[in-house]
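A quick write-up on the structure given underneath.
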Amino acid sequence: MMDPRLTIINKRLENINRIIAVSGGKGGIGKSQTAAGLALFLASQNYRVGLLDLDFCGPSSHVILGIEGAFPEEDMGIMPPLVNGIRFMSITFFSGGQPSPLRGGEISNAIIEILAITRWESLDFLIVDMPPGTGDPTLDVIRLMERVEFLLITTPSRVAWEVMKKELSVLRELRIPVIGVLENMKIKKASQTKEALAGLKVPFLGSIDFDEDLEEALGDTDKLLHTNFIKQLGQTLSDSKII
Amino acid sequence: MMDPRLTIINKRLENINRIIAVSGGKGGIGKSQTAAGLALFLASQNYRVGLLDLDFCGPSSHVILGIEGAFPEEDMGIMPPLVNGIRFMSITFFSGGQPSPLRGGEISNAIIEILAITRWESLDFLIVDMPPGTGDPTLDVIRLMERVEFLLITTPSRVAWEVMKKELSVLRELRIPVIGVLENMKIKKASQTKEALAGLKVPFLGSIDFDEDLEEALGDTDKLLHTNFIKQLGQTLSDSKII
Amino acid sequence: MHEWALAESIIVTVIKESEKEKLSKVLKVTVKIGELQSIELDIFKFALENMVELYKSPVDLENIHLEIDRCILKCKVCSNSWNYSDIPKKLEEDEKEAIHFVPEVAHTYMRCTQCGSPDFEILQGRGVWIDSIEGEK
Amino acid sequence: MHEWALAESIIVTVIKESEKEKLSKVLKVTVKIGELQSIELDIFKFALENMVELYKSPVDLENIHLEIDRCILKCKVCSNSWNYSDIPKKLEEDEKEAIHFVPEVAHTYMRCTQCGSPDFEILQGRGVWIDSIEGEK
Ligand SMILES: Nc1ncnc2c1ncn2[C@@H]1O[C@H](COP(=O)(O)OP(=O)(O)O)[C@@H](O)[C@H]1O
Ligand SMILES: Nc1ncnc2c1ncn2[C@@H]1O[C@H](COP(=O)(O)OP(=O)(O)O)[C@@H](O)[C@H]1O
Ligand SMILES: [Mg+2]
Ligand SMILES: [Mg+2]
Ligand SMILES: [Mg+2]
Ligand SMILES: [Mg+2]
Ligand code: NI
Ligand code: NI
Ligand SMILES: [Zn+2]
Ligand SMILES: [Zn+2]
């Protein structure tokens, strides 16, 4: 038995310049918010951007970007719809927003299927919104997407650092490129995140404040583009020469 | 081939009065904080309490409760150590705080093993700290722990409601008892969570405010017991006659 | 029509494998097509034919054997197993289409025929697989 | 000594299955013991004996056949497969003990012998299983 899909995946990704998986181990630290924000920011700078939501248990990118009614086109594969300048692909297209209680092996199979049939064509960036944890999706992205780089998110909380550090150590061991660590949802002026990461030899990219007005902008890309969140995100990433 | 472990699990749980899985679909909404807080609060009220951390990818309960150095005893199975009045069991005892990048099927296998060999003995409450999502751990808890009840957590964010609603709909369909929904990390006075849940016919248990001082109390159970978080949690649960 | 993408993956894999195994000639390729994915056989064959040409495949269409694999599902809760073709409530067209793209969303639209759980395994007949490649060195 | 808990699960399952299958007599039970879990055979047998008595088991120790199952691991990244008994770097005692309790933490302490990935499958020889129960109706 041979899985023909595994052979084709990197061919499907060959015309993408950079593939960035937004991850961090823990849930609720702003991975989806950062992935969607990054895609939106890059599109506003006229980059050709794709956004792939691989959080099958808690897909959120479409809620953040307010994507409704779009559906991929079938054409020698499936073409992600272009929504607000972003080529978007998510399991929600197929589960129709209903629950999809999948076990790990099935999530893995579904990810492989989507990677094998999606035609991204030429992109400057493909942003991957990762689920929490280092389970099947993370192991598959590492195993299957040859040129992936990881952008790790954390919050100023010890609980978040601890989980992030474990993911970082797995990535290190496997020699997967890590762009750096971004601190999100900073509330107090003084944060110990930078110090906590000091020994880890990973670039600290900067901090994004907790943005009280972000919630109201969810679902509306125009409003999102004017939030402090996206301004700080864009600034931090430009400062660190990532884009 | 027959898995002998499956037969013994409910025997191992037979002397536990109530089994409460703290869940909610999304990550970072305070499941671990609530599970650990609930266990701590119950122990302070002289209940016999167990806490089982099933978040193998991002175990956090031990960080929140500052559990270090304890280890289960082997005695016709394994006996969870009693730490600060709580019988505690977590994968970290075995992974030693190092990363354990497990795929779903393996997580499922590890959960079954732990349930089959852990001797909780008599307890008033067993609190289960669930990982995000409705993957293997959630499906296994539903499938294997006959008398489990779910306590669902959400935050005032749409992103969190959407994921929680999906989990609720799976639990409903399978007729698993749901104690109710607890809103955590409320920041603004006005929250729309109660309204958003109105149509779902699930008890709304109340709200817990975002507690700026919680982070500093992490790892110290005495401090934790004096946080607003635990006071509000205890009050909300007593008000709603759960305990 | 994403059958084209699947057909392409078959041909690319056959080429890669025959190079890896240093086959001078590929005699027969057996492809299993899982019932669950509702592949349109005519389109799939047509796509295979085109891909054979495009990639100058070492095997031509006549020597690619397509076998339909019955879809069997098994519940993790009550151990009941059943055939996809026997489910009592037929699926809607759009549900079938979703499963056509990503067979795993079967868990969204189907339930165990005995206990109603969505927690079942797809034992066989999921999607497109290469069962074997026979050739000469 | 958590061998006792595993032994108990075997006996309880044999009783349940023999009731379910309405066996008047249980002739033979075959138990596979995965190498990875490093079960202490003497303790396990002693525990089984005690459980046979405690539960008034329909099968006694002589008719419970214990077979050691070699542990084979296979890498999901590079497809390399290897035997647990052949790993180059021996595990520390505490690592072995952790795997003894929860064999899956092998992913914390072991790596693919070819590419170094922790992303491998335990193909066989994980833990304790009942292979078969033979009896008379
Ligand atoms: N900097 C921020 N300020 C305010 N809210 C934020 C910020 N970052 C994320 N959030 C909110 O926090 C919640 C969790 O973020 P999300 O991106 O869904 O996390 P994850 O994908 O890591 O689970 C969402 O409601 C999101 O809108
Ligand atoms: N009410 C609250 N006020 C302030 N911080 C909170 C509150 N509830 C949870 N937290 C913090 O939020 C983070 C995520 O909580 P956690 O319990 O780990 O979430 P989950 O288990 O759902 O992933 C932790 O740093 C935790 O201490
Ligand atoms: Mg997310
Ligand atoms: Mg948690
Ligand atoms: Mg399922
Ligand atoms: Mg692994
Ligand atoms: Ni199609
Ligand atoms: Ni033992
Ligand atoms: Zn069933
Ligand atoms: Zn390998």
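Values reported hereafter were calculated over all heavy atoms of this structure, with side chains retained and with hydrogens, waters and symmetry mates removed. Every chain is numbered from 1 and lettered A, B, ... according to where its sequence line falls, protein lines coming before strand lines.
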Is it the side chain or the backbone of A:Leu218 that comes within 4.5 Å of chain B heavy atoms, both, or neither?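 Both parts, backbone and side chain.
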Pick from B:Gly219, B:Cys57, B:Gly30, B:Pro59: which one has the most heavy-atom pairs with chain A under 4.5 Å?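 Winner by heavy-atom pair count: B:Cys57.
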Below 3.5 Å only, please: all the donor-acceptor pairs between chain A and chain B, one per line.
residue  : atom : partner  : partner atom : Å
A:Gly27  : O    : B:Gly28  : N            : 3.2
A:Gly28  : N    : B:Gly27  : O            : 3.2
A:Arg103 : NH1  : B:Asp136 : OD2          : 2.9
A:Arg103 : NH1  : B:Asp140 : OD1          : 3.3
A:Arg103 : NH1  : B:Asp140 : OD2          : 3.3
A:Arg103 : NH2  : B:Asp140 : OD1          : 2.9
A:Gly104 : N    : B:Asp136 : OD1          : 2.6
A:Asp136 : OD1  : B:Gly104 : N            : 2.6
A:Asp136 : OD2  : B:Arg103 : NH1          : 2.8
A:Asp140 : OD1  : B:Arg103 : NH1          : 3.3
A:Asp140 : OD1  : B:Arg103 : NH2          : 2.9
A:Asp140 : OD2  : B:Arg103 : NH1          : 3.4
A:Ser157 : OG   : B:Glu215 : OE1          : 2.8
A:Arg158 : N    : B:Glu215 : OE2          : 2.9
A:Lys188 : NZ   : B:Glu212 : O            : 3.0
A:Lys188 : NZ   : B:Glu216 : OE2          : 3.3
A:Glu212 : O    : B:Lys188 : NZ           : 3.0
A:Glu215 : OE1  : B:Ser157 : OG           : 2.8
A:Glu215 : OE2  : B:Arg158 : N            : 2.9
A:Glu216 : OE2  : B:Lys188 : NZ           : 3.3

Give the minimum heavy-atom separation between A:Leu102 and B:Leu139, together with the two atoms involved.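 Distance-wise, the nearest heavy atoms are C-CD1, 4.4 Å.
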Please enumerate all residues that pass side chain to side chain contact (heavy atoms under 4.5 Å, CB included) together with [X], with sequence neighbours excluded.
| X | value |
| --- | --- |
| B:Val170 | A:Pro99, A:Pro101, B:Leu174 |
| A:Met2 | C:Thr13, C:Glu17, C:Ile130, C:Ile133 |
| A:Ala39 | A:Val49, A:Leu51, A:Ile86, A:Ile127 |

Under 4.5 Å from any heavy atom of chain A - which part of B:Pro137: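 Looking at B:Pro137, nothing touches chain A.
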